[in-house]
Amino acid sequence: MRASFPNRFLWGAAGSAHQTEGNNVASDFWALENRPGGFLPERSGDACDGYHRWREDLDIVRDLGLNAYRFSVEWARIEPVEGAFSRAELAHYRRVIEGCLERGLTPVVTLHHFTSPLWFQREGGWLAPDATERFRRYVRAVLPILDGVQWVCTINEPNMLAMMANMVKREKREENVAGAMPPPDQAVADALLAAHRATREELADIKSGWTVANQNFEAAEGADAECQEWAWSREDQFLDAAADDDFIGVQAYTRVRIGRDGALPVPENARRTLTGWEFYPAALGNAVRHTAKRLPAVPILVTENGIATADDTERVEYTREALAGLHAAITDGADVRGYLHWSLLDNYEWGSWKPTFGLVHVDRATFTRTVKPSARWLGDVARANTLDPPHR
Ligand code: BGC
């Protein structure tokens, strides 16, 4: 029997502003990258020059046969100086939204994808007393350009953001699997929860939710209680907060095993990806099941899933298995509305260009895009809306 996906399923690819656009000079991450003696090995620089080449990128998404595109609008561009909103930047993002609609692509718009304006950071970031108000003011400025958008992600991976707050404090990259990182800074987590609620109030009729980094925590023998506690602070509190949201974004890549003393290292003999994470395509189905169990009434959108690999056949292998797991979860009752692959482009991976997640290769000198076979494969799956598309 053919593994068909639900009707009107969204099939897309994703990226974020800082990772693709280039020269996001007013942002806090740009400052971090460019600080002399900083701990990040590589800079984003021109990134994929997506700021200028977004039309080409949307054409690629459409021509592949996908029907959705996730991207973020950049707060640091829209409000580079506190209170000074750029009409030109808002108009830029409006053109991108219209570009999606004109091509028949459903835009999935993220309002905050890890980066903030540097001024916001300098004024205390999420811990400043008026952080929520500042974010709300930015959301209000963006609201008029969202006409026709039905999927808005308020804050990308608030759990990761709160964990990164702790990591940046320590000035080390440490373990780069989110779930193995230091616990979230709970004050930052609380501020993000407040900002999320405020944003949803502003968005009113627009479908909104946030996207959580699902870590597939697995308890080692005898460590059930430790695992539950570990998962609560790093993941579950962010899921439970979405109980009244219009959707929940699931982002899953790998798993993290928890022992009595915390996260266990990836086993020596495990197959790994370019980020060093365990190759674990079952992560997606498991994450969807976990989310559906915690939030039975909330529709799920897979907002990220993918693999950092230099071997494109491995990308197909991983994604096929991940989608099989997703399909099984849907068959068992999970209400999943779409799948957005991370990422469309080989984009900047927060300090490094080496982990290539893209369906599309980008020449770092000329910015020429080259569609990989995995992208065509995913496009075929999308067109047929089944995991077993007819052969080309
Ligand atoms: C983030 C992306 C990132 C991806 C792979 C997610 O944590 O939302 O920005 O590139 O995972 O690490």
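Sequential numbering from 1 along the given sequence is applied to the chain's residues. One-based numbering, in listed order, for ligands and for the atoms of each. Atom set for the values below is all heavy atoms of this structure, side chains included, hydrogens, waters and symmetry mates excluded.
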* Structure fact -> Tested for side-chain contact (heavy atoms from CB on, under 4.5 Å) against Glu202, the lone hit among Val142, Leu111, Val139, Thr154 is Val139
* Do any N/O atoms on Glu157 end up under 3.5 angstrom from N/O atoms on ligand 1? ->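 Between Glu157 and ligand 1 (N or O atoms, distance only) the closest approach is under 3.5 Å.
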* Polar atom proximity, Trp342 to ligand 1 (N or O, under 3.5 Å) ->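 Indeed, backbone or side chain, Trp342 has an N or O that close.
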* Backbone N or O of Gly83 within a donor-acceptor pair of the Glu79 side chain at under 3.5 Å? -> yes
* Test side-chain contact (heavy atoms from CB on, under 4.5 Å) on Leu378 and Tyr339 and set out the steps. => CA-CA 11 Å; Leu378 188 64; Tyr339 171 87; 4.3 Å; yes
Taking only heavy atoms of [X] into account, list the atoms of ligand 1 that are under 4.0 Å away from them.
{"X": "His113", "value": "1 (C), 2 (C), 8 (O), 9 (O)"}
{"X": "Phe357", "value": "5 (C), 12 (O)"}
{"X": "Gln251", "value": "8 (O)"}
{"X": "Asn156", "value": "8 (O)"}

* Of all heavy-atom pairs between Glu74 and Tyr138, which one has the smallest distance, and what is that distance? ->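 The answer is C-OH, 4.2 Å.
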* For the student: nearest non-hydrogen atoms of Cys48 and Gln19, plus distance ->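 In this case the closest contact between Cys48 and Gln19 is SG-O, 4.1 Å.
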* Asked: For ligand 1, is there an atom lying under 4.0 Å from some heavy atom of Trp277?
  -> yes
* Are Glu349 and ligand 1 in contact, using a heavy-atom cut-off of under 4.0 Å? ->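 Yes, Glu349 has heavy atoms under 4.0 Å from ligand 1.
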* Only one of Trp342, Trp210, Phe71 forms a ring pair (Phe, Tyr, Trp, His ring centres under 6.0 Å) with His113, so which one is it? -> Trp342
* Structure fact -> The answer for which part of Thr275 has a heavy atom under 4.0 Å from ligand 1 is neither
* Asked: Within 45° of the six-membered ring axis of Trp277 and under 6.0 Å from that ring's centre, is NZ or CZ of Arg272 located there?
  ->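 Here Arg272 fails the 6.0 Å and 45° test against Trp277.
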* Closest protein heavy atom (residue, atom, distance) for atom 4 (C) of ligand 1 ->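 Heavy-atom neighbour on the protein nearest atom 4 (C) of ligand 1: Tyr253 OH, 3.5 Å.
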* To do: Identify, for atom 1 (C) of ligand 1, the protein heavy atom at the shortest distance, and state residue, atom and that distance.
  => Glu304 OE1, 3.4 Å
* Can you tell me which residue pairs pass the salt bridge (charged side-chain N to carboxylate O under 4.0 Å, His left out) test with a partner in residues 113-128, sequence neighbours excluded? => Glu123-Arg134
